[in-house]
Number of protein chains: 2
Amino acid sequence: MELINQIAAIPLFEGLPPDQLKDLARIVVTKVIKRGQMIFSEGDEGTGFYVLISGRVKIFKLAPDGKEQILHIPVPGEPFGEVPVFAGERFPAYAEALEDSRSLFFPRSAFVSLVKRNPALTLNMMAVLARRLRRFTTMIENLSLKEVPGRLAAHFLYLSERKEGAGELRLDISKNQLASLLGTIPETLSRILARMAKEGLIETVGQRQIRILNRAGLEALAEGGKRLS
Amino acid sequence: MELINQIAAIPLFEGLPPDQLKDLARIVVTKVIKRGQMIFSEGDEGTGFYVLISGRVKIFKLAPDGKEQILHIPVPGEPFGEVPVFAGERFPAYAEALEDSRSLFFPRSAFVSLVKRNPALTLNMMAVLARRLRRFTTMIENLSLKEVPGRLAAHFLYLSERKEGAGELRLDISKNQLASLLGTIPETLSRILARMAKEGLIETVGQRQIRILNRAGLEALAEGGKRLS
DNA sequence: CGTGCGCTTGACTTTTTTCAATAAAGGTGG
DNA sequence: CCACCTTTATTGAAAAAAGTCAAGCGCACG
């Protein structure tokens, strides 16, 4: 039962008794998504939520002129599209695969009835929602109170925290996507990377590798205590 | 039993059986907050959450230079400060009373044990979190993809939806606070209001009253299909 | 009655975007 | 394996949007 093991490995379902894992396995649908394919659109009816198993997807908002703001890039094991399960019925954003991906889809009604019977699952799901709220408040803070160099510095520091201790970090998305995640455009991002390098804060190795040379400098930038010249 | 009635009137607790309302009444603490008083600060340990009963509070982020970004202004009956109950333990933002206010405080552990026993309460709380996520995604979208005139137009339309049908609407916060809610500064807000009035989109009546003269124009602004000259 | 705070307006600066051109990279099919 | 073509990234110059600094008005509150 490959499927049951996959479900059991999802943090959201940690602590569920085996029989309830089996219940989940009965209602779940595996979805395979090709790179570039849309998973859902803003305004679509949300009849359930997803958990990313492998690959990479982006959750984003879209302006009429085509500009995107990425809200979230789930890591494997993380749920997405869960808001309409609990309020509002429709997806508040778009989801598209950045790479060929695989996810599990949990239909709403079966999941809700499971929630009703299982307090541990309830608390896990609330923790997921609360963590995402926390990240969004940080995002709002960054967009509103920091300039682009500060946002970028904060992002580098964030990445370096969750990776190995070395000052080397690998961007797992393209610079276009990174710009969209930071609420700016590729040209601006490119210029700011160049300025950071010129000031000796970072060094770029290839296109997707960044080495942090001056962590304190980045922290000062992220906190607004310093500017790039 | 004034208190029980107040608790029963809170949407979050809708559908709770009387004995559980009594449980809540036993653990709840009434907090009276004076205008200008801090309720909690970012980083404080969150030992429970609040429900606003009367008055007005702002939930906001603070930049080192003192600039504020308001995240949320709960209406009476709405909970706030609930994120640390479910994840992370510390408040992600500041809360301060804009007017003399009264709120109920629910200690975390007692509330969590109640959640575990009550599926309806669970689903209500998840709906609260999911709705807030939805609002934050809209906020991120506005900050990133709209310019200030578009954000202001969207805000007016939002206010006019939840009030009476007339094109007249009353701002319930100062323009300084409104600027902070929209992610800008009072000077910019002032200029844009003047431009909107000059273009015949709105008319300002006194300092806190706005009359919408051209709803379609505001909608075009909010959708990015038009610009102020 | 004065002081202070909220609000407005002007002039200027800074930041970011836009438009355009070019260069580099990556994947596909021959 | 290479040539081609689309996507991704960089750089420059100009424009636009928003923020800063400063001054002044008016109303409310003590």
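Quick note on labels: first sequence line is chain A, next is B, and so on, each numbered from 1.
Rounded to a whole Å, the CD1 atom of Ile192(B) is 15 Å from the P atom of dG10(C). Between the CG atom of Leu98(A) and the C1' atom of dG26(C) there is a distance of 17 Å, rounded to whole Å. Between Leu143(A) atom CG and dT17(C) atom P the separation is 11 Å, expressed in whole Å. Atom-to-atom, CD of Gln69(B) to C1' of dA18(D) comes out at 15 Å; the value is rounded to the nearest Å. Between the CG atom of Leu193(B) and the P atom of dA18(D) there is a distance of 13 Å, rounded to whole Å. In this structure, Arg208(A) places its CZ atom 9 Å from P of dG26(C), rounding to the nearest Å. Ile185(A) places its CD1 atom 14 Å from the P atom of dA20(C), with the value rounded to the nearest Å. Atom CG of Asn142(B) is separated from atom C1' of dA18(D) by 17 Å (rounded to the nearest Å).
Within 6.0 Å of CD on Gln209(B) lie more than 12 heavy atoms contributed by other residues, nucleotides or ligands.
Near DNA chain C, meaning a heavy atom under 4.0 Å away, the residues from residues 144-159 of chain A are Glu147(A), Val148(A), Pro149(A).
An OP1 or OP2 oxygen of dC7(C) is reached within less than 4.0 angstrom by a side-chain nitrogen or oxygen of Asn176(B). OP1 or OP2 of dG19(D) sits under 4.0 Å from a side-chain N or O of Thr188(B). Distances shorter than 4.0 Å separate none of the side-chain N or O atoms of Ser174(A) from OP1 or OP2 on dT7(D).
Looking only at atom types and distance, the side chain of Thr184(B) has no donor-acceptor partner in the side chain of Arg151(B) under 3.5 Å away.
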Protein-nucleotides 21-29 of chain D N/O pairs under 3.5 Å:
residue	atom	partner	partner atom	Å
dC21(D)	N4	Glu187(B)	OE2	3.3

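Checked by atom type and distance alone, the side chain of Gln69(A) pairs as donor or acceptor with a backbone atom of Ser180(A) at under 3.5 Å. Remark: the backbone N or O of Ser54(A) is not paired with any side-chain donor or acceptor of Arg102(A) at under 3.5 angstrom. Under the 3.5 Å distance criterion, the side-chain polar atoms of Lys61(A) are matched with a main-chain donor or acceptor of Pro92(A). In this structure, Ser174(A) contributes its side chain and Gln177(A) its backbone to a donor-acceptor pair below 3.5 Å.
In this structure, Arg132(B) pairs ionically with Glu78(B), as a charged nitrogen and a carboxylate oxygen lie closer than 4.0 Å.
Under the 30°/60° scheme for interplanar angles, the aromatic rings of Phe60(A) and Tyr94(A) are found to lie parallel.
Between Thr184(B) and Leu189(A), it is Leu189(A) whose nearest contact on DNA chain D lies nearer the 5' terminus.
The aromatic ring centres of Phe13(B) and Phe106(B) sit less than 6.0 Å apart.
Looking at heavy-atom distances under 4.0 Å, Arg35(A) makes no contact with the nucleic acid at all.
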